[in-house]
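Inspection log for the structure reproduced underneath, given as structure tokens.
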Amino acid sequence: MDNSRAIVVINAPQTARARGRPRAFARDKALYAAALTFWRLGYEGASIVDLTAAMGITAQSLYAAFGSKAALYEEALDAYQTSIGAYTARALAEEPTAIGAFVRILTESALEFTRSDQPKGCMISTATLACAEEHRPLALKVAALRSDTLAAFEARLERGIVQGDLEPDADTGALARFMGAIIQGMSVQAQDGASQSDLMQIVQIAQAELSRHGHRDRKATVPVIT
């Protein structure tokens with residue numbers, strides 16, 4: 001009897017905790033899981049059931065932490081840009097030449113878009129291209145993110161002219177859109193099953209076009225993929 005009472009005393013606090021407030025979840029980890037789910041299924045395709053299953057939380061916890069599915073999606077887009085998708089901004093800032101920066105972006109895109117441990121392509125390049133009218137604000141946000149990227153591309157190309165990387169008459173607006181179109185196309189092709197090797201062939205052709213606008217023989221090289 002004494003042992004039985006001891007078991008009751010030991011187990012009682014555990015039972016009481018189970019009926020209390022749910023344990024806090026790791027917000028960053030849950031947000032990353034949500035981003036992968038949206039990336040894989042799209043905004044409209046990802047249901048609350050899909051999201052909560054991936055995040056390991058209840059629907060109540062999702063709404064309490066993020067407010068709504070739309071707000072969760074916006075936060076997931078921002079998290080993607082500052083984590084998985086941050087290589088673009090790093091290349092623009094770190095590479096000493098404009099052509100080198102864009103060849104690096106294309107090369108890293110070929111690697112990232114075909115990784116086996118995440119959805120194919122780019123979450124933002126092809127996100128929310130078409131959606132129901134009630135989700136139009138989200139589509140406009142994603143379009144704005146793509147426009148911001150094009151503006152950053154054009155600014156880096158303009159700096160390339162000033163630094164002597166590109167010919168003075170290079171059409172930076174057209175080249176920026178060319179780069180955006182290549183990256184979006186690579187994203188779609190990766191989703192359709194293109195391999196890393198397939199995408200690297202596109203990188204080499206795009207590099208040749210970029211180099212055609214180069215100045216003073218400052219040419220970038222495509223890294224060897226092993």
Side-chain angles (χ1 to χ4, degrees), residues 31-46 70 72-95 98-132 135-157 172-207 209-210 222-223 225:
L31 184 59
Y32 177 75
L36 292 180
T37 304
F38 282 128
W39 186 359
R40 179 170 55 88
L41 300 176
Y43 177 75
E44 292 187 344
L72 172 61
Y73 182 63
E74 291 194 49
E75 198 165 333
L77 288 171
D78 293 339
Y80 173 88
Q81 278 202 303
T82 58
S83 57
I84 296 171
Y87 65 88
T88 295
R90 285 196 300 267
L92 292 174
E94 294 172 359
E95 290 299 316
I99 293 176
F102 286 104
V103 171
R104 175 175 162 184
I105 291 170
L106 289 168
T107 301
E108 293 193 21
S109 292
L111 297 174
E112 288 292 327
F113 292 176
T114 56
R115 283 176 51 172
S116 60
D117 61 340
Q118 64 189 28
K120 304 301 182 185
C122 171
M123 182 180 179
I124 293 174
S125 288
T126 53
T128 323
L129 292 174
C131 64
H135 301 143
R136 186 64 181 164
L138 293 177
L140 292 175
K141 175 183 173 63
V142 177
L145 293 176
R146 289 192 286 261
S147 293
D148 289 345
T149 298
L150 289 179
F153 284 178
E154 186 168 1
R156 184 63 186 88
L157 291 163
T172 56
L175 282 173
R177 287 199 172 275
F178 169 75
M179 285 297 305
I182 293 296
I183 292 169
Q184 282 182 284
M186 288 170 62
S187 177
V188 172
Q189 291 199 25
Q191 291 173 339
D192 287 345
S195 67
Q196 182 185 118
S197 177
D198 294 332
L199 297 187
M200 283 306 303
Q201 292 175 354
I202 298 173
V203 173
Q204 291 169 1
I205 294 171
Q207 182 204 4
E209 177 59 26
L210 287 168
V222 177
I225 305 300

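As the structure is a prediction and not an experimental result, all values here were calculated from the model.
For D148, there are no side-chain hydrogen bond (donor to acceptor under 3.5 Å, both in side chains) partners, not counting sequence neighbours. Considering only residues two or more places apart in sequence or on other chains, E74 meets the side-chain hydrogen bond (donor to acceptor under 3.5 Å, both in side chains) condition with none of them. In terms of the side-chain contact (heavy atoms from CB on, under 4.5 Å) criterion, residue partners of E95 (sequence neighbours excluded) are, by chain and number, A101, R104. With sequence neighbours excluded, no residue forms a side-chain hydrogen bond (donor to acceptor under 3.5 Å, both in side chains) with S83.
Of the inter-residue distances, the one linking I105 atom CD1 with E112 atom CD reads 13.0 Å to the nearest 0.5 angstrom. With rounding to the nearest 0.5 Å, the separation of CZ in R40 from NZ in K120 is 13.0 Å. To the nearest 0.5 Å, atoms CG (L41) and CG (L36) are separated by 10.5 Å. Taking CG of L111 as the start and CG of L199 as the end, the distance is 9.5 Å to the nearest 0.5 Å. If you take OG1 on T37 and OH on Y32, they are separated by 10.5 Å, rounding to the nearest 0.5 Å. Separating the CD1 atom in I183 from the CZ atom in R146 is a distance of 12.5 Å, to the nearest 0.5 Å.
For the ring-ring contact (aromatic ring centres under 6.0 Å, His included) condition, no pair includes a residue of residues 178-201, sequence neighbours left out.
Residues F38 and L77 are not in side-chain contact: their nearest non-hydrogen atoms beyond the backbone lie 4.5 Å or more apart. Considering only heavy atoms from C-beta on, S195 stays 4.5 Å or farther from T114 through its side chain. The side-chain heavy atoms of I84 and W39, taken from C-beta on, include a pair separated by under 4.5 Å.
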**Report entry** Stepwise side chain to side chain contact (heavy atoms under 4.5 Å, CB included) check, L175 with F153
**Finding:** CA-CA 8 Å; L175 282 173; F153 284 178; over 6 Å; no
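With hydrogens and angles disregarded, a donor-acceptor distance shorter than 3.5 Å links the side chain of Q184 to the backbone of S125.
Among all heavy-atom pairs drawn from L72 and A34, the shortest one is CD1-CB, 3.9 Å. Listed here is the closest heavy atom pair of M123 and Y80: N-OH, 3.5 Å.
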Less than 3.5 Å apart, which donor and acceptor atoms pair up between the side chains of residues 187-194 and the rest of the protein, not counting sequence neighbours?
from : atom 1 : to   : atom 2 : distance (Å)
S187 : OG     : C122 : N      : 2.8
Q191 : NE2    : T126 : OG1    : 3.3

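Each of Q207, M179, M200 was compared with L106 under the side chain to side chain contact (heavy atoms under 4.5 Å, CB included) criterion, and only M179 meets it.
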